[in-house]
> 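If you scroll down you'll find the structure; I have some questions about it.
The structure displayed is predicted, hence computed values, not measured ones. Labels below follow one simple rule: chain letters A, B, ... track the order of the sequence lines, proteins then strands, and each chain is numbered from 1.
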Amino acid sequence: MKQLILGNEAVARGLYEAGCAFVSSYPGTPSTEITEAAAKYPEVYAEWAPNEKVAMEAAFGACLAGRRSFCGMKHVGLNVAADPLFTIAYTGVNAGLVIGVADDPAMHSSQNEQDSRHYARAAKIPMLEPSDSAEALAFTKMAYEISEAFDTPVLLRMCTRISHAQSVVDTAERVEVRKSYQKDIGKYVMMPANARGRHPVVERRTAELIRYAEDSPLDRVEPGRDHTIGILTAGTAYQYVKEVCADTYPVLKLGMVWPLPVEKIRSFAASVDKLVVVEELDGFLESHCRDLGLKCVGKEWFGPIGELSPLAVAARLGKPWSVGPKTQAQIPARPPVMCAGCPHRGLFYTLHKLKLTVLGDIGCYTLGAVPPLAALETCICMGASVSGLHGFSKALEGAADDHTVAVIGDSTFIHSGITGLVNTAYNESKGTLIILDNSITGMTGHQQNPTTGFNLKGDPCAKIDLETLCRAVGIRRVRVVDPYDLRQCEAAVREELAAPEASVIISRRPCALLKYVKHKAPLAVDRDRCVGCKACMKIGCPAISMAAGKARIDTTQCVGCGVCGQLCRAEALKEA
Amino acid sequence: MDTKNVMIVGVGGQGSLLASKLLGKVLLAGGYDVKVSEVHGMSQRGGSVVTYVRFGEKVFSPVIDRGQADLIVSFELLEAARWTEYLKPGGTVIVNTQRIDPMPVITGAAAYPQGLEEAMAAAGVRVDAMDALALAEQAGSAKAVNLVLMGRLSRYFDFPQEAWLQALAQSVPEKFLEMNKKAFVLGAQA
């Protein structure tokens with residue numbers, strides 16, 4: 001049956017059809033929907049792991065046990081999981097193991113735009129890259145065939161425009177695969193003597209995969225009428241090339257982007273006057289061509305930054321293109337903001353008011369850096385706020401401890417914050433960590449995590465008690481505040497900063513977008529009382545604006561959190 | 001046929017994903033190759049959002065570039081003006097005249113431009129403006145702006161209304177179906 005589905009949903013369908021039985025992932029845009037969609041198939045066990053390293057190790061365990069398995073993550077998640085990746089490259093697999101990684105060129109929702117293809121080369125494992133949903137489904141199934149035929153984990157590289165684009169797929173039935181586990185110490189125990197034996201196996205495997213690539217339909221030549229140019233491309237870039245050039249120029253379209261064929265590329269290059277490499281982000285395919293001694297044009301035309309586009313390809317390939325009309329109006333930007341009723345807002349108002357130095361982390365609360373609050377000063381990677389605060393404190397010998405805090409979300413704390421807090425307690429720094437516990441993984445679209453008490457399928461499960469956990473690692477001062485209560489927040493932050501030891505404040509209130517959260521009625525402005533002082537505007541709530549010198553509340557957005565009302569000395573903001 | 005291009009633009013949280021899902025289903029049932037490109041993640045938090053819907057015999061690029069759009073459906077006035085460069089010559093903007101202030105306007109760092117409908121028309125854009133919020137409220141929920149606009153969009157296609165309503169039934173939970181249908185029909189009649 002023909003269906004219109006996201007690239008990510010197509011990967012999940014591929015997992016189902018390939019007989020994948022185990023999926024463990026950590027959510028991350030643009031990869032999240034692979035695992036959410038996989039969880040909807042009853043035959044596929046799927047879970048959210050605390051982080052990508054745990055997910056990959058669990059998926060390896062499942063493949064070792066004899067079932068096809070998968071783990072999914074965003075590009076930066078692969079950094080976290082790089083440790084197991086480089087060694088399971090040596091052990092190989094039992095049943096097939098596929099690792100989905102989704103890159104985010106242009107950083108729609110990411111902190112860098114690293115190119116995951118480098119991991120395939122560095123870890124010496126094959127990587128497939130689909131260019132639409134139909135290929136996402138087909139390549140996922142082929143990845144399992146390659147994984148088992150060549151005894152290797154296989155990377156499946158997605159990109160935002162493939163992950164989050166719906167296109168048409170045809171579906172098929174599921175095929176079950178079961179293998180038995182065989183003890184094999186030489187293959188699976190990577191102590192030095194055994195690992196030395198496995199490395200040559202890896203190198204031989206790469207050579208075999210290159211031979212496979214020479215004949216594989218994954219890497220195909222599409223004929224063109226004009227041989228003055230030949231285009232080497234893959235993934236999203238392939239679609240832009242076809243959009244602009246249709247069948248004007250011959251195209252070598254790669255489905256496997258590592259390892260790369262040698263003879264196929266050489267003979268393609270020889271069949272055209274000029275070889276043009278069209279790829280997003282780094283000049284990965286281009287470097288390979290240069291290693292082969294081939295002359296080509298690539299990054300000097302297209303650059304390594306951001307997303308490609310049909311227009312960028314057209315401009316370089318000499319295709320005429322005109323853009324549409326532009327108005328004379330000055331159009332203000334519309335950056336993302338914390339939602340109306342967001343529990344992070346009250347806490348960040350407090351940090352802003354106290355003029356604290358705030359080390360931040362990865363999540364919706366990174367928006368605490370945006371004006372008017374502008375109360376968050378760093379954002380590096382998952383967990384970096386907690387460990388960074390420790391270093392900040394030690395470097396200044398405690399001199400900044402009375403005005404420096406770290407903030408981290410509940411899911412991010414579980415992912416990579418706990419070890420930082422262990423370091424704080426063990427090596428005795430005195431900072432204050434604020435855990436922004438909104439009872440969900442928010443930014444990626446509401447995924448459960450070990451602090452919520454529910455698993456991926458929505459069933460009740462064990463729930464981490466954050467207070468007990470913080471005490472168990474050696475933090476004695478642990479307290480909970482309600483971020484809707486500004487007075488309580490300010491008192492708690494002042495007290496903990498003044499305390500002579502490390503502390504944790506848990507700012508606890510569920511995300512305002514959660515379906516189960518009951519909201520109060522929207523507030524109303526008493527226009528007789530409002531003096532137009534704009535005190536309520538300091539919190540950057542999208543539901544509040546000024547109209548004719550008075551505050552105005554957008555009742556379609558306001559959820560009655562009451563934070564603005566606590567700032568109004570005229571008592572003009574009240575429940576309607 | 002050449003590939004046709006429709007952009008759905010608005011403010012994160014206004015329901016553009018459901019709108020594009022609905023349009024995608026109708027086009028697929030109509031026998032076209034279809035691609036629908038969305039953005040998830042941070043920009044959904046009240047930021048400017050755009051969804052690309054492309055259909056024809058064979059669609060390649062998942063995104064629409066400047067100068068390619070036949071139609072832009074905008075859930076908000078300022079967002080319509082932001083994207084006009086993406087229109088083909090003679091392209092149309094269906095725009096909800098609702099105004100939602102972006103944060104730089106709320107904080108006073110920027111002004112919400114006046115006379116946007118006229119400015120778009122002066123630039124050669126065909127402007128099809130409507131108060132979709134009022135019709136959504138009439139249908140029972142301010143959140144149904146997306147369905148009102150999809151109703152209006154349906155007038156630019158030859159598909160029978162039944163095809164749209166059938167796709168809608170597959171796209172929304174049962175308990176919201178009647179309200180959403182009402183919003184769609186009000187938009188189609190307006």
> Give, for atom NZ of A/Lys534 and atom OG1 of B/Thr107, the distance between the pair rounded to the nearest 0.5 Å.
9.5 Å

> What distance do A/Gln328 atom CD and B/Glu118 atom CD have between them, rounded to the nearest 0.5 Å?
14.5 Å

> May I ask you to name which of A/Ala329, A/Ser545, A/Pro335, A/Ala246 has the most heavy-atom pairs under 4.5 Å with chain B?
A/Pro335

> Using a 4.5 Å cut-off on heavy atoms from C-beta on, say whether the side chain of A/Ile331 contacts that of B/Leu116.
yes

> Are the side chains of A/Pro332 and B/Leu78 in contact, using a 4.5 Å heavy-atom criterion?
yes

> Counting only non-hydrogen atoms closer than 4.5 Å, does A/Ile544 touch chain B with its backbone (N, CA, C, O), its side chain (CB onward), both, or neither?
backbone

> Under 4.5 Å, counting heavy-atom pairs only, tell me which of A/Lys538, A/Glu33, A/Glu307 racks up the most with chain B.
A/Glu33

> Which one wins on heavy-atom pair count under 4.5 Å against chain B: A/Ser322, A/Ala333, A/Pro30, A/Gly540?
A/Ala333

> Roughly how far apart are B/Arg66 CZ and A/Trp321 CH2, rounded to 0.5 Å?
10.5 Å

> From A/Leu6 CG over to B/Ser37 OG, what is the distance, rounded to the nearest 0.5 angstrom?
9.5 Å

> Can you find a pair of side-chain heavy atoms, one from A/Glu243 and one from B/Arg54, that are under 4.5 Å apart?
yes

> Looking at A/Met537, A/Gln557, A/Arg161, A/Met546, which one has more heavy-atom pairs under 4.5 Å with chain B than the rest?
A/Arg161

> With side chains defined as the heavy atoms from C-beta onward, is the minimum distance between B/Asp101 and A/Arg552 less than 4.5 Å?
yes

> For chain A, which of B/Val105, B/Val36, B/Leu133, B/Ile64 has the most heavy-atom pairs under 4.5 Å?
B/Val36

> Measure the spacing between CD1 of B/Ile100 and OG1 of A/Thr556 and express it to the nearest 0.5 Å.
7.0 Å

> What I'd like to find out is whether the side chain of B/Ser61 reaches to under 4.5 Å of the side chain of A/Tyr238, using heavy atoms alone.
no

> Could you look at A/Cys541 and say if it's the side chain, the backbone, both or neither that has a heavy atom under 4.5 Å from chain B?
backbone

> Between B/Lys35 and A/Asp132, is there a side-chain heavy-atom distance shorter than 4.5 Å?
yes

> So which residue, A/Ala340, A/Ala312, A/Ser309, A/Gly7, ends up with the most heavy-atom pairs under 4.5 Å with chain B?
A/Ser309

> Between NE2 of A/His164 and CD of B/Glu38, what distance do you get to the nearest 0.5 Å?
7.5 Å

> Restricting to non-hydrogen atoms, name the atom on A/Leu311 and the atom on B/Asp65 that form the minimum distance, rounded to 0.1 Å.
N-OD2, 2.8 Å

> Less than 4.5 Å apart, any side-chain heavy atom of B/Met120 and any of A/Lys326?
no

> Tell me, side chain or backbone of A/Pro310 under 4.5 Å from chain B's heavy atoms, or both, or neither?
both

